[in-house]
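Indexing begins at 1, ligand by ligand and atom by atom, following the structure's order.
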Amino acid sequence: MKIAMFGGTFDPFHAGHAALAQYILDKGIVDRVLFVPAPVPPHKTREILPYADRRAMVEAGIRGMANAEISDIECEREGKSYSIDTLRALAERYPGDEICLLIGGDSLATLHLWFKAHEIVQEFTVLSYPRPESVVSAEILHGNWSVAETEKLLAGYMAEAPVFPVSSTQLRTLLKNGVLPGEDLIPAPVLNEIQKKNYYRN
Ligand code: ATP
């Protein structure tokens, strides 16, 4: 079985996250999607909702989505979570399954800077998809990766995947300004959760 690790802050979970997961499941690109909320993302400096709240939003967002679930694997571990550690831990937890790292084209462009980047690419399948303004090509990848690694990364690039024009940042801004985003931007159960708890208002 092929399992995608879909990591993120999910502050909040939005329709783009849901649509991408549904796309790769519907296309049979993977058999299962594991949403892995990050406990304290090292690169984010703004205030972030606590793990439990973000997790609850992911849960609400994927309710009813077959073959999608949440993994608390990064929260269970002490200290910083590097993707290579999460991927290896998942590989141990799901022996016999193929664990894939799912990232946007924007992240693919900087993947070579990630901790133990070459080990990630050598040990795991990296599935990537177009994001606005991200350009992915053999020439660009060749600058940072070996020929074999470039081939592997290009094989995992889903150029045909649709681009979903929504981000958590955009949603936080709308909600802060009292604007209720539609279902094209956020799944209704996630919006209910946000309204119930009054997130993102201050
Ligand atoms: P923020 O705006 O706070 O940076 P975000 O919308 O990018 O958040 P994250 O939780 O940081 O959401 O993203 C988790 C993963 O989902 C990342 O790999 C990111 O590239 C991807 N992602 C975010 N928005 C979309 C989208 N509209 N379509 C597809 N993937 C997305």
Side-chain angles (χ1 to χ4, degrees), residues 3-27 29-30 33-62 65 68-75 81-84 86-87 90 99-111 113-114 117 120 124-136 153 156-177 179 181-187 190-191 193-194 199-200:
I3 303 176
M5 173 200 151
F6 193 164
T9 316
F10 306 119
D11 190 22
F13 183 87
H14 58 63
H17 298 133
L20 179 72
Q22 196 62 66
Y23 173 83
I24 60 172
L25 286 168
D26 288 349
K27 288 277 169 194
I29 295 167
V30 297
V33 175
L34 278 186
F35 289 92
V36 182
V40 188
H43 61 286
K44 301 236 172 177
T45 46
R46 60 173 183 82
E47 210 176 295
I48 294 169
L49 279 185
Y51 182 85
D53 298 332
R54 291 181 287 117
R55 185 194 196 282
M57 289 191 283
V58 179
E59 205 172 3
I62 65 171
M65 188 188 290
E69 59 189 277
I70 302 176
S71 169
D72 293 307
I73 195 158
E74 292 201 344
C75 192
S81 281
Y82 290 108
S83 296
I84 183 71
T86 306
L87 289 164
L90 287 174
I99 308 295
C100 311
L101 172 66
L102 180 67
I103 54 171
D106 49 338
S107 299
L108 182 60
T110 55
L111 182 64
L113 302 173
W114 290 25
I120 292 179
F124 298 93
T125 298
V126 177
L127 292 175
S128 56
Y129 53 93
R131 290 297 314 271
E133 287 159 42
S134 68
V135 185
V136 173
L153 288 169
Y157 182 59
M158 304 176 281
E160 304 305 312
V163 177
F164 310 101
V166 51
S167 74
S168 299
T169 306
Q170 172 197 2
L171 289 173
R172 288 192 302 274
T173 306
L174 290 177
L175 292 161
K176 195 175 174 198
N177 293 324
V179 180
E183 279 215 60
D184 52 329
L185 299 181
I186 192 161
V190 181
L191 186 58
E193 186 78 14
I194 291 172
Y199 295 147
Y200 310 116

Subject >> Evaluation steps, side-chain contact (heavy atoms from CB on, under 4.5 Å), between L102 and M158 >> reply: CA-CA 10 Å; L102 180 67; M158 304 176 281; 3.8 Å; yes

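- In this structure a side-chain-to-backbone donor-acceptor pair under 3.5 Å is missing from R172 to Y200.
- Below 3.5 Å of separation, one finds an N or O of H14 facing an N or O of ligand 1.
- Applying the 4.0 Å criterion to heavy atoms of S167 picks out, from ligand 1, the atoms 2 (O), 6 (O).
- Looking at S71, its side chain does come within 3.5 Å of a backbone N or O of I73 through a donor-acceptor pair.
- A distance-only check finds no donor-acceptor pair linking the side chain of S128 to the backbone of G105 [under 3.5 Å].
- When only interatomic distances are considered, the shortest N/O to N/O separation between G8 and ligand 1 does not fall below 3.5 Å.
- Listed by atom number, the atoms of ligand 1 under 4.0 Å from S168 heavy atoms are 1 (P), 2 (O), 3 (O), 5 (P), 6 (O), 8 (O), 12 (O).
- At least one heavy atom of G7 lies less than 4.0 angstrom from ligand 1.
- Which parts of ligand 1 touch F6 is read off a 4.0 Å heavy-atom cut-off, strictly below it: atoms 15 (C), 16 (O).
- Looking at F13, F35, Y129, F10, it is Y129 that brings a heavy atom closest to atom 31 (C) of ligand 1.
- On a distance-only criterion, F164 and ligand 1 share at least one N/O pair closer than 3.5 Å.
- With sequence neighbours excluded, no residue satisfies ring pair (Phe, Tyr, Trp, His ring centres under 6.0 Å) with Y23.
- For R55, the salt bridge (Lys or Arg N to Asp or Glu O under 4.0 Å) partners two or more places apart in sequence, or in a different chain, are E59, D72.
- Short contacts between ligand 1 and T169, defined as distances under 4.0 Å to a heavy atom of the residue, involve ligand atoms 1 (P), 2 (O), 3 (O), 4 (O).
- Near V166, meaning under 4.0 Å from any of its heavy atoms, are these atoms of ligand 1: 24 (N), 26 (C), 27 (N).
- The heavy atom nearest to atom 13 (O) of ligand 1, considering only R172, Q170, H17, is found in H17.
- Distances from ligand 1 to the non-hydrogen atoms of D11 include no value under 4.0 Å.
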Original post:
How far apart are the C-alpha atoms of M65 and V33, what are their side-chain angles, what is the distance that settles it, and do they pass the side-chain contact (heavy atoms from CB on, under 4.5 Å) test?
Top reply: CA-CA 10 Å; M65 188 188 290; V33 175; over 6 Å; no

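- Using a 30° and 60° split on the angle between ring planes, F10 and F6 fall in the perpendicular class, above 60°.
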